[in-house]
Amino acid sequence: MKNKLFKMLALFAMASIVLAACGGAAAPTEKVKVVIFVGMGTGTDPDQVDAQNKLAEKFNTTHDNIEIEFLIVPHEEYATRYLAMLSGGNAPQLVGPNGVSTVAEFFDTWEDVTPYIKADNLDLSDFYGPAVELNTYPDKNTGLPLGLYPSYLYYNKDLFDAAGLDYPTHDFDDKSWTMDKLREDAMLLTLDKNGKNATDPDFDSTNIVQYGYDDSWDTMRGTMADWGAENVGRPTTSDYKTAVANSPEWIQGLQWLSDGIWKDHFVGGADVQAGRDTTGVDPFGPGTTAMFYSHTWFLAEGLHGLSFAADIAPIPFNPKGNRIARIDADNFTIPKDAKNKQEAWEVMKWLTSPEVIVDVCRIYGCIPARKSVQAAFLEQLKTDYPGIDYDVIFKSIDYLDKPNNEEWIPEWGKIEDALNNGLSVVYSGQEKDAAKVLNDANAEVQKILDEYWATHK
Amino acid sequence: MKSPITPKTDQSRFTGIRAQSLLLKSVTTFILAAGAAIIMIPFLYLLSTSVKDRDQLRQSPPPLIPMAADTVNINGQDEPLYEVTMNGQVSKMALIKFRPGGKALFVDPAQPEQTYELLIADQKELRHVEIHFENYPDALKQMKFNKLLVNTLLVTFLGMAGMLFSCSLVAYGFSRFRAPWLNVLFILLLSTIMLPSQVRLIPTYVFFNKLGWVDTLLPLIVPQFFANAYDVFLLRQFFMTIPLELDDAAKIDGASPLQTLMYIIIPQARPALVSVAIFHFLYAWNDFYEPLIYLHSPDHWTLAVGLQTFNALYAVNTNYIMAASVVMILPPIILYFLAQKIFTQGVVFTGIKG
Amino acid sequence: MNISLGKHTLSLARREALWAYAFIAPWTIGFIIFTIGPMLASLFFSFTDYNIIDSPRWIGMTNYINLFHDELFWHALGVTFKFAAVALPLGLFFSYMIAVLLNSKIKGINIWRTVYFLPSVIAGVAVALLWGRIFDPKFGILNPFLEKIGIQGPGWLSDPDWAISALVIMSLWGVGGNVIIYLAGLQGVPTDLYDAAKVDGATGWQRFWYVTLPMTTPVIFYNLVLGLIGTFQYFTEVYVLTNGTGNPARSTLFYNLYLYQNAFKYFHMGYASTMAWVLFIIVLGLTLLIFRSSEIWVYYEGQIKGK
């Protein structure tokens, strides 16, 4: 037994020496290392990892003084890992692709790139105006725009054919395409197992096999943004002091959704969504949803291997006569506490340069934020996703939500959870009265804001 | 004088006991089998999901046996095949377009220009069993299984060695001695697992970062050599079931406490040590919380972390996750099966005879 | 009693104590190096406003006071208690009973043992995804099966009233892990005790009640204490299944999940530390109660009297 003990000790000693050597510093290099933290949003799929490594090779072989390395962090743990790295003093040089939401989540940790832009006299006119706006906050500019994800309706042409309905219009100026018309069409496209649609008096709402509409892949702020409240996708006033989550428009929007689920039955409730989330099945692919509200990042996931014909159409006009098609936007950001920020800036410029931006956006599935590459990107889209109306994608950009449904507000995470709890209450049927849900949620948000301002004068 | 009936009575009593024990065994087997069936059903679905492709995953409800629709290529598109009854004749036709009212257009693959509009509900969809065994090599390759396996084995076995070594010593100290404050120290030991680890995460990471151990396997291995509450507690419980007479006998023979531990206690506690070893193996094998924080380069990841790569933001590759999980189950199960030998020993002699 | 051996006048008790400390040393050293620092740090943070990015700012008892006024704190505590109250007894009972069955000498017992052990081996992520699919109310596996035998299944993980029950069922699937410990305990019961009981004419049930059960109280105690600590810190499965939200409608907002949200989503690390230490006190209190009660119902063959 003693021999065993000694053997184990020796093994441990050897192993730790070996491991320490392996894990120790790599051979000293003159190149400055720029670590790119990937995992806040997309980019962690194995295919994407390969593509990113190839991109890194391309950069490293053409740059003498800087070396980039993609650090892939499994998406579940992006928060803990990022915060741990910050606290430990080894912050990454770049973080991305960062959606507006994760930029907001870690807002105080980002470097303001305005001085860098000024120092280089960088011309931002090639970027889409909205894209630059989304990164511009009162006290900082969080980074050069990388890509946009406009939103629109994905629709299942076969289901429309089977119901004898016209496809949704692709004409952005057709004012007859309203939320009411969407509801009408959706009810005709919602079928029970006997083939009866939701307008039929004998419709069996406990045995629905096909839904007309789905918008379940978004948050409360996102779902409500389209309804045209004064603060659009922001649940507070512009001074961030008053909660406005119970604005008339939001209540109208949530009630429309609640009725859609529980009265008219053309939207699936929590029970329908339940299995999908944990099995990686999207609402559209199985062919059981006629119209699905989503963004361009869904193209890669959703339009491959479909067993039916699909196309995309613009979002309808809201009851105020405006169209708001919420947008996601990605960019890379630089943590304030990182070392070698100047080199990080150089890499950021390279990633968003006209020569490279199309390749980068193909990895992440976004529309490049530069106008000059639109034609080239369109060619890529045609090859990757044939047969859809690409105009809808580019035109939808102009209808983005500002203030954006993901942008920073104080206590961003806590308010997000409070509002999404309200959404969950409606989807699960615990409370179907939108006014009650939003009044309660608003009270909670106001309390959070008050606590915040009490300690942040 | 013995009654002539006696031998028969003895025999019947003997058969009675055997019959009773046979009944007990059958009932036990039956209950175990019923329970096992219930336990295995989710596992069968796990296996079934692991050999489906993305399209098959979309089927709802998910069939236990992976099926896929028969298709035929018409004008460049793969269309589903149906067994169609028309004018009393049965033939195979492809469905090319849905029409209102539950109908669809069907064509004979040999003459695709001629379409027939028929009621879908009257036809039978043709399916076949389709199993994608290639999910396994695909998933393993994508998650870089071989490299991660080495890392995981290092962490698991080195940690196990360290744990067995240190926890035996510490549990012995807590169970076989009297000392002031020993009870308090034991409660302190247990209290270390009562504090949710999330709040210790950042300070611990900073500490390991200062040591330069981040992105190595060291934070996962070295602490194991300093014992942990779970295994010490368990071993302490087991040590306390071993009679003190054995210790005393050894003492009389002049054994030091260390020798008593090595030659008396440890052999007696073999089932406990094996349990603890298996538990540690399982924990280290599947743990992804700690490795996720300390291991940065994908080359240093453990298997459990690698499994997370299939759970990306927009694409949950359930089939790959299941396939990789099945492969990851094998080593612990094999280990457990082999360890059965030690479990079935069981006979613990007590008392000092004579 | 002092033994005078020339120069060495170490008392027997003193010597014994030194041996004890020596054996425990690996743990105490590790505790000092790895554990106590972070633990004290988190205690310190609980009295501060700390958002991880900036330095902590001392605010005294404010976090503790705010905590007791926090609706969500009480809600999360309630959810956790509800789960523990059901999952813990059920888990203990089932794993013990299964262990007793798996302790029999029937043919192929090794295969049965492996089968029951199997679920506890599967990686957490796969288990969560698998059960998510099983519990899918419309197109999963459980509800269609229930329908066949005439029961209308509830929404399970999508229904605020049933979500916890679903989690309890899922946790019971993995009891095979605890079974090993009970098996080891059962194997450790001296067979001559059973022989003596048989000679005394005890029935199977009596042998179980008067021999097996008392002799295995040490492992029951172990599983009870660790089960308590574990159910109160239930986290990973919920996190994966609800995407870290605790929905539907916060019905699965476990204490540790709310703690995690505060720490890493809301940047209230000070507040999260407060939550951690409050939980610590609760669990410590309950554990001490169980320890105190153990003097009545736990039997150790080799227990040293008079510590």
Side-chain angles (χ1 to χ4, degrees), chain B residues 25 28-29 31-32 36 39 42-43 46 60-61 166 169-170 172-173 177-179 182-183 191-196 198-200 203-204 223 226-227 233-234 237 240-244 257 271-272 275 278 282 286 304 307 311 318 321-322 325 328-329 332-333 336-337 340 343 346-348 350, chain C residues 16-17 19-21 23-24 26-27 29-30 34-35 37-39 41-42 101 104 106 110 112 114-119 121-123 125-126 129-130 134 139 141 144 180-181 183-184 187-188 190-191 218-219 222 229 233 256 259-260 263 272-273 276 279-280 283-284 300-304 307:
Chain B
K25 284 197 179 151
T28 308
T29 312
I31 299 178
L32 281 178
I39 298 249
F43 187 68
L46 195 151
S60 35
S166 57
L169 293 174
V170 177
Y172 185 57
F177 297 89
R178 281 159 297 188
L182 206 62
N183 269 349
S191 70
T192 56
I193 53 175
M194 293 183 204
L195 192 69
Q198 281 93 337
V199 293
R200 285 188 288 148
T204 314
F226 295 91
F233 187 15
L234 184 63
Q237 296 301 95
M240 284 170 81
T241 63
I242 300 170
L244 289 161
S275 313
I278 292 178
L282 262 189
N286 279 333
L307 194 61
N311 203 4
T318 321
I321 292 182
M322 299 302 170
S325 310
M328 279 175 69
I329 296 175
I333 289 295
Y336 180 74
F337 207 76
Q340 289 300 327
F343 272 127
V347 179
V348 176
T350 70
Chain C
E16 186 176 337
W19 273 111
Y21 297 138
F23 278 109
I24 296 173
W27 173 70
I29 297 174
F34 297 111
T35 319
M39 273 179 91
S42 71
L101 288 176
S104 11
I106 57 178
N110 282 352
W112 293 124
T114 314
V115 166
Y116 280 86
F117 179 59
L118 201 58
V121 180
I122 306 175
V125 141
L129 293 180
L130 183 65
I134 293 178
F139 305 114
I141 297 159
I180 307 187
I181 299 180
L183 264 182
Q187 296 285 343
T191 45
V219 282
Y222 173 83
I229 298 178
Q233 293 193 43
N256 244 16
L259 194 159
Y260 176 89
S273 306
L279 183 73
F280 176 81
V283 174
L284 182 64
Y300 298 107
E301 179 70 49
Q303 179 168 35
I304 306 179
K307 273 192 168 182

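Below, chains carry the letters A, B, ... as their sequence lines are ordered, and counting in each starts from 1.
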- Is a side-chain donor or acceptor of B:Gln198 paired with a backbone partner of C:Tyr260 at a separation under 3.5 angstrom? no
- When heavy-atom pairs shorter than 4.5 Å are enumerated against chain C, which of B:Ile333, B:Ile31, B:Ile242, B:Asn286 gives the highest number? B:Asn286
- Message: Only pairs of heavy atoms separated by less than 4.5 Å count here; which of B:Pro223, B:Ala227, B:Pro257 has the most with chain C?
- Response: B:Pro257
- Query: For the atom pair CG (C:Leu129) and OG1 (B:Thr318), what is the distance rounded to the nearest 0.5 Å?
  - Reply: 6.0 Å
- Proximity breakdown for C:Ile181 and chain B, heavy-atom pairs closer than 4.5 Å: both
- Message: Let's test your reading of the structure: which of C:Ala20, C:Ala41, C:Pro144 forms the most heavy-atom pairs below 4.5 Å with chain B?
- Response: C:Ala20
- Item | Considering all heavy atoms, the nearest C:Glu301-B:Thr241 contact | CB-O, 3.1 Å
- Does any heavy atom of chain B fall under 4.5 Å from the side chain of C:Trp112, the backbone, both, or neither of them? side chain
- Greatest number of heavy atom pairs closer than 4.5 Å to chain C - which of B:Thr192, B:Leu195, B:Ile329, B:Leu46: B:Leu195
- Message: Has C:Tyr300 got a side-chain atom pairing as donor or acceptor with B:Gln237's backbone, closer than 3.5 angstrom?
- Response: no
- Message: With side chain to side chain contact (heavy atoms under 4.5 Å, CB included) as the criterion, how do C:Leu130 and B:Phe43 come out once you've worked through the C-alpha distance, each side chain's angles and the decisive distance to 0.1 Å?
- Response: CA-CA 9 Å; C:Leu130 183 65; B:Phe43 187 68; over 6 Å; no
- Message: Using side-chain heavy atoms (C-beta onward) and a distance below 4.5 Å, is B:Ser191 in contact with C:Phe280?
- Response: yes
- Task: For chain B, find which of C:Leu101, C:Ile29, C:Val283, C:Leu259 contributes the most heavy-atom pairs closer than 4.5 angstrom.
- Result: C:Leu101
- Item | Donor-acceptor contact below 3.5 Å, side chain C:Tyr116 vs main chain B:Leu32 | yes
- Message: Please rank B:Thr204, B:Leu234, B:Ile321, B:Ile193 by heavy-atom pairs under 4.5 Å with chain C and give me the top one.
- Response: B:Leu234
- Item | Contact summary for B:Arg178 and C:Glu16, nearest pair of heavy atoms | N-OE2, 2.6 Å
- Note on the structure: Of C:Ser104, C:Ala263, C:Ala123, C:Gly37, the largest count of non-hydrogen pairs under 4.5 angstrom with chain B goes to C:Ala123
- Message: Heavy-atom cut-off 4.5 Å, strictly under: side chain, backbone, both or neither for B:Thr29 against chain C?
- Response: both
- Note on the structure: Given C:Ile134, C:Ile106, C:Thr35, C:Leu279, the one with more heavy-atom pairs under 4.5 angstrom with chain B than any other is C:Ile106
- Please tell me if the side chains of C:Trp27 and B:Leu169 come closer than 4.5 Å, counting only heavy atoms from C-beta onward. no
- Item | Greatest number of heavy atom pairs closer than 4.5 Å to chain B - which of C:Pro119, C:Ala126, C:Pro26, C:Ala272 | C:Pro26
- Message: For a 4.5 angstrom cut-off between non-hydrogen side-chain atoms, does B:Ile39 reach C:Leu118?
- Response: no
- What part of C:Gln233 is in contact with chain B, defined as an atom under 4.5 angstrom from a non-hydrogen atom: side chain, backbone, both or neither? side chain
- Task: Check whether any side-chain N or O of C:Asn110 sits under 3.5 Å from a backbone N or O of B:Phe337 as a donor-acceptor pair, and report yes or no.
- Result: no
- Contact class of B:Leu282 relative to chain C, heavy atoms under 4.5 angstrom: side chain
- When the ring planes of C:Phe23 and B:Tyr172 are compared, do they come out parallel, tilted or perpendicular, using 30° and 60° as the limits? perpendicular
- Answer with side chain, backbone, both or neither: which region of B:Leu307 has an atom nearer than 4.5 Å to a non-hydrogen atom of chain C? side chain
- Message: Need one label for B:Ala304: side chain, backbone, both or neither, based on atoms under 4.5 Å from any heavy atom in chain C.
- Response: neither
- Query: Would C:Val121 and B:Tyr336 count as a side chain to side chain contact (heavy atoms under 4.5 Å, CB included) if you check the C-alpha gap in whole Å, the side-chain angles of each, and the deciding distance to 0.1 Å?
  - Reply: CA-CA 10 Å; C:Val121 180; B:Tyr336 180 74; over 6 Å; no
